[in-house]
Protein chains: 2
Amino acid sequence: MKEIYDCDLGCPVQNTLQFISGKWKSVILYHIFKNDVLRFSELQAKLPYVSKRMLAKQLSELEADGILDKRVYPVIPVKTEYRVTKLGSSLYPVIEAMAIWGTHYTQMVK
Amino acid sequence: MKEIYDCDLGCPVQNTLQFISGKWKSVILYHIFKNDVLRFSELQAKLPYVSKRMLAKQLSELEADGILDKRVYPVIPVKTEYRVTKLGSSLYPVIEAMAIWGTHYTQMVK
DNA sequence: CTGAATCCACGTCGATACTG
DNA sequence: CAGTATCGACGTGGATTCAG
């Protein structure tokens with residue numbers, strides 16, 4: 001989890017970007033918001049253009065930042081689940097605003 | 001209340017990210033929203049940690065994407081102004097959500 | 001199944017110098 | 001003042017392999 005001294009960069013938008021500026025983090029959060037809980041392989045299926053390596057990396061960063069909660073079930077084969085933490089759920093309005101804009105305005109430009 | 005998944009076509013968040021995923025684009029937009037119009041040197045002053053090269057590049061991309069309007073006044077020395085287009089102004093809720101979260105989070109950890 | 005580790009091509013970015 | 005051009009260091013990300 002980031003400490004306060006790392007967090008306040010003098011611009012509220014930039015403070016937020018620290019947590020979601022990873023190339024795919026917002027999209028990952030979008031899908032987890034939509035499904036509540038997702039396994040690694042389910043995220044892979046929903047983000048086919050993201051390599052396994054990058055997906056794992058972004059998930060690990062989101063977990064380290066306290067945005068995602070990762071649960072590992074020691075069965076064989078291993079099963080992991082990702083869901084948002086309380087902090088992560090507070091990002092819902094941000095992701096929602098992106099989703100709304102993407103839904104309504106993207107056709108305008110391309 | 002309208003849910004963000006009602007008009008789900010693929011991934012709307014990713015569509016939005018194509019326009020604002022640049023490392024500093026959201027912060028640039030935040031400052032222009034706040035000030036309505038900003039010159040290049042004013043943006044430089046507000047983003048001292050961004051190199052001139054990167055600032056110019058991000059501004060150029062935002063302009064090419066129809067988010068920003070750039071006006072050049074052929075005086076000496078040259079004077080340029082950046083403001084949001086109509087499309088750019090539609091991104092206000094997204095930037096606002098980021099600013100709100102960043103502000104709330106900063107207050108939370110203090 | 002869920003990753004971590006390694007290699008390597010590629011892109012990004014800062015610094016500097018230059019132009020109109 | 002507002003950029004562009006060039007270069008080199010650095011980071012990113014894909015492919016592959018390995019491990020628990």
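Letters go in sequence order (proteins before strands), and every chain restarts at 1. This one's a predicted model, so the numbers in the text were calculated from it and none came from an experiment.
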Exercise. With a 4.5 Å heavy-atom cut-off, do F40(A) and K52(A) have their side chains touching?
Worked result: yes
Seminar exercise, completed: Between the CG atom in L62(B) and the CD atom in Q58(B), the distance rounded to the nearest 0.5 Å is 7.0 Å
Exercise. What is the distance from CG of L43(B) to P of dC1(D), rounded to the nearest Å?
Worked result: 14 Å
Problem set entry | d(CZ, F40(A); P, dG20(D)) in whole Å | 18 Å
Exercise. On the ring face of Y82(A), is K70(A) found with NZ or CZ under 6.0 Å from the centre and within 45° of the axis?
Worked result: no
Problem set entry | OP1 or OP2 of dG13(D) under 4.0 Å from side-chain N/O of Y49(A) | no
For this session: Rounded off to whole Å, could you give me the NZ-to-C1' distance for the K52(B) and dC1(D) pair?
Result: 9 Å
For this session: To the nearest Å, give me how far apart NZ (K23(B)) and P (dT12(D)) are.
Result: 8 Å
Problem set entry | Nearest-Å distance for atom pair CD1/P, residues I76(B) and dC1(D) | 14 Å
For this session: May I ask you to check whether Q14(B) and Y49(A) show a side-chain donor-acceptor distance below 3.5 Å?
Result: yes
For this session: Taking the side chain as every heavy atom from C-beta outward, state whether V78(B) and Y73(B) have any atom pair closer than 4.5 Å.
Result: no
Exercise. Hey, what do you get for OG (S26(A)) to CG (L91(A)), rounding to the nearest 0.5 Å?
Worked result: 8.5 Å
Exercise. Can you check the R53(A) CZ to dC18(D) P distance for me, whole Å?
Worked result: 17 Å
Exercise. Salt bridge or not for E42(B) and K46(B), using N-O below 4.0 Å?
Worked result: no
Exercise. Rounded to the Å, how far apart are L47(A) CG and dG14(D) C1'?
Worked result: 16 Å
Exercise. Start at the 5' end of DNA chain C and walk down; is the nucleotide closest to W24(B) or to Y82(A) reached first?
Worked result: Y82(A)
Exercise. Among the nucleotides dG3(D), dA15(D), dG20(D), which one has an atom lying closest to any side-chain atom of V78(A)?
Worked result: dG20(D)
Exercise. Separation of M54(A) atom CE from dG13(D) atom P, in whole Å?
Worked result: 4 Å
Exercise. Taking any atom under 4.0 angstrom from a heavy atom of chain B, which nucleotides of DNA chain C are the first and last to qualify, 5' to 3'?
Worked result: dC13(C) to dG20(C)
